[in-house]
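Numbering starts at 1 and runs along the sequence shown.
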Amino acid sequence: MTTAAPDRKDPPTPALATPTPAPPQERIVTTEHRLKVGTRTLAYTATCGTLVLHDYDPGRSAKDGERGADKPRAALFFTAYTLKTDKKPSGSSERPVTFSFNGGPGSSSVWLHLGILGPQRVATDEMGNAPPPPYALKDNEHTLLTDSDLVFIDPVGTGHSRMAEGEKVTEFHEYQRDLDAVGEFIRLYLTRYGRWGAPKYLIGESYGTTRAAGLSLHLQEKHDIFLNGVMLVSLAIDLQTLSFDDGNELPYALFLPTYAATAWYHKALAPELQKQPLAAVVKAAEAFATGDYTVALMQGTRLAGPERTRIAGEVARYSGLSTDYVLKSDLRPVESRYFKELLRSRSQVVGRLDSRFLGQDRDDAGEHAETDPFMNAVLGAYATGINRLLKDTLKFETDAPYVVHAPIWDKWSWKGFENKYVNIGASLRKAVHANPHMRVYVASGYYDLGTPHAAGDYTLSHLGLREAARAKISVSYFEAGHMMYIHQPSLVRMAKELRAFVRGG
């Protein structure tokens with residue numbers, strides 16, 4: 001055993017230098033491909049990777065300790081498809097370009113990418129069910145690439161989009177900062193790839209419509225980018241129409257037509273309604289919902305006696321629920337209970353994002369479904385599809401996970417909307433009025449209990465658009481759900497409408 005001398009002094013341990021965080025890196029992979037669409041062969045370039053966003057606000061560098069004017073902040077991952085033309089081997093700078101993103105908040109761009117727009121899509125049956133794992137991709141004869149180049153954007157925290165080391169990812173999990181990031185990416189892409197001369201379109205789904213409506217004005221005011229068109233899939237720009245809060249009566253009336261469509265699909269309506277076509281049932285439910293039902297809801301507890309019982313009976317008639325259940329729900333069956341209650345006697349729950357899909361819980365006694373049967377049916381196929389596409393086809397090699405859906409929607413910040421409902425309608429209205437050439441296409445699914453079609457119609461009719469501007473908005477309805485393009489007949493029609501919309505610009 002050795003002991004140190006009492007007067008021995010060990011040399012001081014040198015302080016470890018704190019490593020400087022590595023800035024986010026741009027990494028781009030380009031590959032060439034061909035796709036047969038009918039009698040036409042599309043030769044196209046696929047470009048995927050990350051573009052680095054910088055903080056270009058010079059005022060932030062004026063004080064010591066603040067961020068520099070051009071400090072890298074985040075790397076946004078994107079996948080772009082550019083059709084080769086006779087004019088230029090790498091594509092025409094005047095060809096339309098469509099920027100696409102999904103919603104959540106917290107969703108990557110995989111759904112629109114592999115569901116309808118991109119050169120490949122997830123293989124499903126006519127209803128939208130995926131085959132057993134490991135799933136498959138197939139050439140997409142309905143791709144919008146025939147008429148527009150495509151750029152799929154993954155917002156910060158989704159896909160392979162990441163913040164710089166030392167930065168907080170939550171900074172971009174906020175409405176305005178999200179617009180800042182996606183808007184800056186669009187500006188940077190147009191500059192980097194020489195696309196300022198192209199007709200420009202946005203397409204967003206669900207929260208992606210919130211983002212797209214905000215960007216329609218943000219791009220004008222921040223970057224002087226005026227759009228040719230905006231495509232909104234499953235509209236969600238006035239969240240009051242979707243929020244089942246005490247004292248907010250709007251959702252009860254606006255969800256009822258989708259309850260009616262759902263009950264019709266599952267043959268849960270009374271025979272006299274069940275024998276009618278879906279469109280007729282929905283129209284009748286809309287008339288009651290925006291008429292007698294809305295008047296009844298406005299009366300609150302003042303509605304009593306025979307009239308209350310009559311209204312309950314009509315709500316039950318169109319929703320497929322029992323009159324007793326509607327009365328016990330104070331005439332206000334919320335959607336989360338509806339998923340469980342409609343087919344409780346059959347031991348089944350209906351899907352939220354597509355109520356055609358059915359699932360089963362552990363028991364039939366609860367009030368709320370355990371999961372969304374629709375997401376159970378499709379999530380694995382889309383996650384597998386994007387990972388296979390990036391590695392095997394587009395040759396983007398990385399061990400980092402591709403985040404299909406980050407659970408951040410309940411943590412999303414709504415700075416600027418404190419103590420009021422989020423409504424982006426004013427931004428869309430201002431953008432349409434300021435840009436007489438910008439058109440709007442809206443796609444709604446009859447079986448969507450996430451963003452019901454009647455809520456979208458209400459939103460559009462309350463934008464405050466003048467008559468000439470209203471003529472620039474077109475709405476299309478599909479016998480499918482939130483992602484209506486998984487339904488084969490809806491996919492075919494929607495793809496034709498999107499192509500026509502872009503050609504119309």
Side-chain angles (χ1 to χ4, degrees), residues 29-48 78-84 98 100-102 107-152 154 159 203 205 231 233 353-354 356-357 374-397 402 404-405 443 445 478-500 502:
V29 178
T30 301
T31 50
E32 305 294 331
H33 307 270
R34 301 176 74 84
L35 174 68
K36 185 84 169 178
V37 177
T39 59
R40 181 182 176 188
T41 298
L42 305 181
Y44 65 93
T45 300
T47 305
C48 67
F78 73 99
T79 306
Y81 301 103
T82 306
L83 191 70
K84 293 184 176 182
T98 298
S100 175
F101 34 76
N102 277 84
S107 177
S108 69
S109 60
V110 65
W111 306 103
L112 287 170
H113 185 174
L114 298 186
I116 182 170
L117 299 179
Q120 279 76 44
R121 66 182 180 90
V122 169
T124 58
D125 64 16
E126 182 168 297
M127 178 179 175
N129 288 296
Y135 312 112
L137 291 174
K138 61 185 297 184
D139 286 347
N140 183 16
E141 61 182 312
H142 306 290
T143 176
L144 188 60
L145 185 59
T146 54
D147 292 88
S148 173
D149 293 338
L150 304 169
V151 184
F152 297 95
D154 292 331
I203 182 168
E205 178 180 291
M231 295 163 272
V233 181
L353 295 182
D354 194 323
R356 297 175 302 148
F357 287 76
F374 168 73
M375 289 301 291
N376 291 342
V378 301
L379 179 58
Y382 277 79
T384 298
I386 191 65
N387 279 281
R388 292 180 64 179
L389 176 72
L390 292 178
K391 181 177 178 61
D392 300 341
T393 304
L394 304 186
K395 308 304 180 185
F396 189 85
E397 299 280 351
Y402 183 93
V404 172
H405 206 183
F478 298 88
E479 294 187 23
H482 197 71
M483 302 166 190
M484 62 286 297
Y485 43 81
I486 71 164
H487 174 236
Q488 184 67 26
S490 297
L491 168 66
V492 174
R493 176 161 66 89
M494 185 176 177
K496 289 181 180 178
E497 292 175 355
L498 293 179
R499 290 174 179 176
V502 171

> Which heavy atom of Arg121 sits nearest a heavy atom of Gly115, and at what distance?
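Heavy atoms of Arg121 and Gly115 come nearest at CD-O, 4.1 Å.
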> How about Phe478 and Tyr485: do any of their side-chain heavy atoms sit closer than 4.5 Å?
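Phe478 vs Tyr485: side chains apart.
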> Can you list the steps and then say if Val151 with Phe101 is a side-chain contact (heavy atoms from CB on, under 4.5 Å)?
CA-CA 9 Å; Val151 184; Phe101 34 76; over 6 Å; no
> Looking at NE2 of His482 and CZ of Phe374, how far apart are the two atoms once the value is rounded to the nearest 0.5 Å?
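If we round to the nearest 0.5 Å, His482:NE2 and Phe374:CZ are 8.5 Å apart.
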> So Thr45 and Glu32, do their side chains get closer than 4.5 Å, heavy atoms only?
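In short, these two side chains touch, coming nearer than 4.5 Å.
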> Answer yes or no: is there a side-chain heavy-atom contact under 4.5 Å between Val378 and Val122?
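A side-chain contact under 4.5 Å is absent here.
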> For Leu390 and Tyr402: C-alpha separation, side-chain torsions, deciding distance, then whether side-chain contact (heavy atoms from CB on, under 4.5 Å) applies.
CA-CA 10 Å; Leu390 292 178; Tyr402 183 93; 3.7 Å; yes
> May I ask you to decide if the ring planes of Phe152 and Tyr81 are parallel, tilted or perpendicular, using 30° and 60° as cut-offs?
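Plane angle over 60°, so perpendicular.
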> Measuring from atom CE of Met231 to atom OG1 of Thr98, what distance do you get when rounded to the nearest 0.5 angstrom?
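With rounding to 0.5 Å, CE (Met231) is 4.5 Å from OG1 (Thr98).
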> In the structure I gave you, are the side-chain heavy atoms of Leu144 and Val502 within less than 4.5 Å of one another anywhere?
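Yes - at least one pair of side-chain heavy atoms lies under 4.5 Å apart.
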> I need the minimum non-hydrogen distance between Gln120 and Asp139, along with the two atoms involved.
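Scanning both residues, the minimum pair turns out to be NE2-OD1, 3.4 Å.
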> Answer yes or no: is there a side-chain heavy-atom contact under 4.5 Å between Thr124 and Tyr135?
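No, too far: nothing below the 4.5 Å cut-off.
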> How far apart are the closest heavy atoms of Leu114 and Leu137, and which atoms are they?
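For Leu114 and Leu137, the tightest heavy-atom pair comes out as CD1-CD2, 4.2 Å.
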> First locate atom CD1 of Ile486, then atom CD of Glu126, and finally report the distance between them rounded to the nearest 0.5 Å.
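Nearest 0.5 Å value for the CD1-CD distance: 12.0 Å.
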> With heavy-atom distances below 4.5 Å as the criterion, would you say the side chains of Asp354 and His487 are in contact?
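When only atoms from C-beta onward are counted, His487 and Asp354 do not touch, as no gap falls below 4.5 Å.
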> Measure the CG-CD distance between Leu112 and Glu205 for me, rounded to the nearest 0.5 Å.
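Answer for the CG-CD pair, Leu112 versus Glu205, is 4.5 Å.
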> With a sphere of 6.0 Å drawn around CD of Glu141, does it hold more than 12 non-hydrogen atoms of other residues, nucleotides or ligands?
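Incorrect, the count does not exceed 12.
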> Looking only at heavy atoms, which two atoms of Asp154 and Gly159 are closest? And how far apart?
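In terms of heavy atoms, the two residues are closest at OD2-CA, 3.6 Å.
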> If you define the side chain from C-beta out and look only at heavy atoms, does anything of Leu145 sit under 4.5 Å from Tyr44?
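The answer is yes; the side chains approach within 4.5 Å.
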> Between Leu498 and Leu117, does a side-chain contact (heavy atoms from CB on, under 4.5 Å) hold up when you go through it step by step?
CA-CA 9 Å; Leu498 293 179; Leu117 299 179; 3.9 Å; yes
> Could you check whether Arg499 and Thr146, counting side-chain N and O atoms only, form a donor-acceptor pair closer than 3.5 Å?
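Short answer, yes.
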> Measure the CE-CZ distance between Met484 and Arg493 for me, rounded to the nearest 0.5 Å.
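If we round to the nearest 0.5 Å, Met484:CE and Arg493:CZ are 9.5 Å apart.
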> What distance do Ile116 atom CD1 and Asn140 atom CG have between them, rounded to the nearest 0.5 Å?
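Reported value, rounded in 0.5 Å steps: 8.0 Å.
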> Where is the tightest heavy-atom contact between Met127 and Arg356, given as atom of each residue plus distance?
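In this case the closest contact between Met127 and Arg356 is O-NH2, 3.0 Å.
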> So which heavy atom on Ser108 is nearest to which on Asn102, and how close?
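That would be O-CB, 3.2 Å.
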> Quick one, His33 with Leu394, criterion side-chain contact (heavy atoms from CB on, under 4.5 Å). Give me CA distance, side-chain angles, the key distance, then yes/no.
CA-CA 9 Å; His33 307 270; Leu394 304 186; 3.7 Å; yes
> When you compare the side chain of Lys391 with that of Glu397, does any pair of heavy atoms fall below 4.5 Å?
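Yes, at least one pair of side-chain atoms sits under 4.5 Å.
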> Would you say the side-chain atoms of Asp125 pair up with the backbone N or O of Pro131, donor to acceptor, closer than 3.5 Å?
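No.
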